[in-house]
Amino acid sequence: MADELDLLRRANPVPPGDGRFHDRPLDQHAERRLNQLLHSGRPRRLRRWVLSVGTAAAAGVVALTLLLSGPATTPAVAAPRPLMIESGSAPVPLDRIAERAAADGSLRLRQGTHVQTWSLAMTAGTGARRAVTLPEERVMRWHADGSATELVVATDPRHPGGPVITDADPVPRIVEDGHVLSRRTFPPSWSDAPPRATPPHDIGRLRAYLDELNRTEPLGTPELLDAVSELLGNWTLGSRENATLVRLLAEAKGLRPAGAVTDRLRRPGQAYVYDDTAHGLRRMLILDPATGAVLGLEDTVTRSDAEVGVRAGDVMSYSAWMR
């Protein structure tokens with residue numbers, strides 16, 4: 001027990017002096033640190049583990065599975081297939097996307113996020129079973145007084161391809177069928193540190209901003225993609241920020257243009273792929289070819305691992321961001 005307490009103290013996903021987490025849910029970095037702690041008893045061959053939706057989400061998964069399947073039917077919950085590059089499509093270099101984003105000028109920076117996510121849960125050990133997590137949609141909006149509202153809904157995996165929540169109103173609301181996992185309001189809080197700090201639109205400052213989000217390792221390409229995901233979990237970027245981010249991504253080693261792709265929400269995009277051979281993952285970043293906005297990020301397993309019940313070609317997780 002003492003060893004476990006020592007591990008908790010060293011991991012410390014929420015430092016006591018960090019004001020960003022007061023009266024707030026853990027961000028993706030803190031969840032990842034906690035998740036790494038839970039799996040620290042065995043070697044980690046895969047970089048990204050389950051992005052848990054929490055206790056309320058687990059209850060929602062059970063409820064929605066029962067709603068979507070009867071006693072004599074196969075549950076509707078299923079793992080998605082990896083996104084495929086369109087055959088014969090021409091890859092577009094990142095620097096060209098950055099030029100388009102800089103010339104666009106139509107998008108404004110907005111605090112908050114609107115995202116659909118899915119992840120593959122895993123259990124380690126002999127006889128590990130494959131498990132999936134239902135897709136969920138999350139809208140987080142910050143208000144002028146520093147307060148925030150969050151709505152999380154489990155979406156129907158049989159009918160993907162569009163938003164279930166509208167965030168046009170100050171308080172997001174459901175516009176299509178969806179099982180509410182949580183609906184929360186957070187009291188005012190302020191911080192001048194990432195990710196609460198406004199994202200800069202200068203490459204050097206943005207690199208430092210994302211490096212501060214990362215906090216645990218040098219900002220290589222895998223860490224950069226993780227930090228981008230955390231940034232987009234807090235902000236909806238404007239045209240200037242998109243252009244700066246794409247210019248920074250253009251400098252990332254191993255991130256290569258792959259061609260056109262239709263994303264999870266049926267939007268046309270350009271795919272940029274990073275082969276994380278050290279962790280057996282293919283990471284696909286999807287950008288809007290006109291505005292440079294990040295549409296999605298998908299991780300796919302590239303080598304089977306019976307110990308955690310995954311096979312090559314399994315989608316590990318994906319996120320699809322909306323405005």
Side-chain angles (χ1 to χ4, degrees), residues 13-14 18-32 34 51-64 67 107-119 133-156 160-199 209 213 227-238 241-242 264-265 293-297 317-323:
V14 183
D18 194 332
R20 288 170 290 177
F21 301 109
H22 292 178
D23 301 316
R24 296 285 189 275
L26 297 182
D27 69 3
Q28 290 180 348
H29 167 75
E31 285 192 13
R32 186 164 58 250
L34 183 58
L51 300 177
S52 172
V53 294
T55 305
V61 166
V62 174
L64 189 54
L67 287 172
L107 305 179
R108 295 291 177 266
L109 178 68
R110 183 172 64 184
Q111 192 172 24
T113 189
H114 187 176
V115 60
Q116 286 191 7
T117 59
W118 181 91
S119 59
T133 300
L134 279 171
E136 68 171 23
E137 185 170 334
R138 172 176 171 259
V139 170
M140 187 79 168
R141 283 289 167 260
W142 296 89
H143 310 298
D145 65 354
S147 65
T149 54
E150 179 191 60
L151 176 61
V152 182
V153 170
T155 58
D156 187 340
V164 175
I165 306 172
T166 178
D167 57 346
D169 300 328
V171 179
R173 57 188 178 85
I174 301 172
V175 293
E176 296 181 19
D177 291 339
H179 183 86
V180 176
L181 300 179
S182 66
R183 192 193 305 265
R184 294 182 289 182
T185 299
F186 301 101
S189 178
W190 293 269
S191 172
D192 58 359
R196 290 297 309 280
T198 302
Y209 184 105
L213 281 180
V228 168
S229 181
E230 185 172 348
L231 169 65
L232 297 177
N234 291 272
W235 292 89
T236 301
L237 301 185
E241 291 77 21
N242 282 334
R264 299 284 173 191
L265 302 181
V294 177
L295 300 180
L297 180 63
S317 65
Y318 73 76
S319 298
W321 288 277
M322 295 165 274
R323 287 197 70 84

| task | Pick out which of Glu137, Arg264, Arg138 makes a side chain to side chain donor-acceptor pair (under 3.5 Å) with Gln116. | result | Glu137
| request: Look up atom OG1 in Thr113 and atom CD in Glu150, then write down how far apart they are to the nearest 0.5 Å. | output: 10.0 Å
| query | For the residue pair Asp192 and Ala197, what are the closest heavy atoms and their distance? | reply | O-CB, 3.5 Å
| Are any non-hydrogen side-chain atoms of Val115 and Leu232 less than 4.5 angstrom apart? | no
| query | Any side-chain heavy atom of Leu295 sitting closer than 4.5 Å to one from Leu265? | reply | no
| message | Minimum heavy-atom separation for Ser191 and Ala193, please, with both atom names. | response | OG-N, 3.2 Å
| Heavy-atom side-chain contact between Arg173 and Val175 under 4.5 Å | yes
| query | For the residue pair Tyr209 and Thr198, what are the closest heavy atoms and their distance? | reply | CE1-O, 3.8 Å
| said: Less than 4.5 Å apart, side chain to side chain, heavy atoms only: is that true for His114 and Ile165? | reply: yes
| Contacts of Glu241 that satisfy side chain to side chain donor-acceptor pair (under 3.5 Å) - sequence neighbours left out | none
| field | Flag side-chain contact, heavy atom, 4.5 Å: Pro172 against Thr149 | value | yes
| task | Keeping the roles fixed (side chain from Trp235, backbone from Pro195), state whether a donor-acceptor pair exists under 3.5 Å. | result | yes
| message | Restricting to non-hydrogen atoms, name the atom on Gly233 and the atom on Trp321 that form the minimum distance, rounded to 0.1 Å. | response | N-NE1, 4.2 Å
| Gap between atom CG of Leu181 and atom OG1 of Thr155 - 0.5 Å precision | 9.0 Å
| remark: By side-chain contact (heavy atoms from CB on, under 4.5 Å), Glu176 pairs with (sequence neighbours left out) Val164
| message | Which heavy atom of Leu231 sits nearest to which heavy atom of Leu213, and what is that distance? | response | N-CD1, 4.0 Å
| field | Non-hydrogen side-chain atoms of Leu297 and Val228 separated by less than 4.5 Å | value | no
| With sequence neighbours left out, what residues match Asp145 under side chain to side chain donor-acceptor pair (under 3.5 Å)? | Ser147
| task | Quick one: pull up CZ in Arg183 and CG in Leu151 and give me the separation to the nearest 0.5 Å. | result | 5.0 Å
| message | Test of understanding: with side-chain contact (heavy atoms from CB on, under 4.5 Å), list the residues that count as partners of Thr236, not counting sequence neighbours. | response | Arg110, Arg141, Arg323
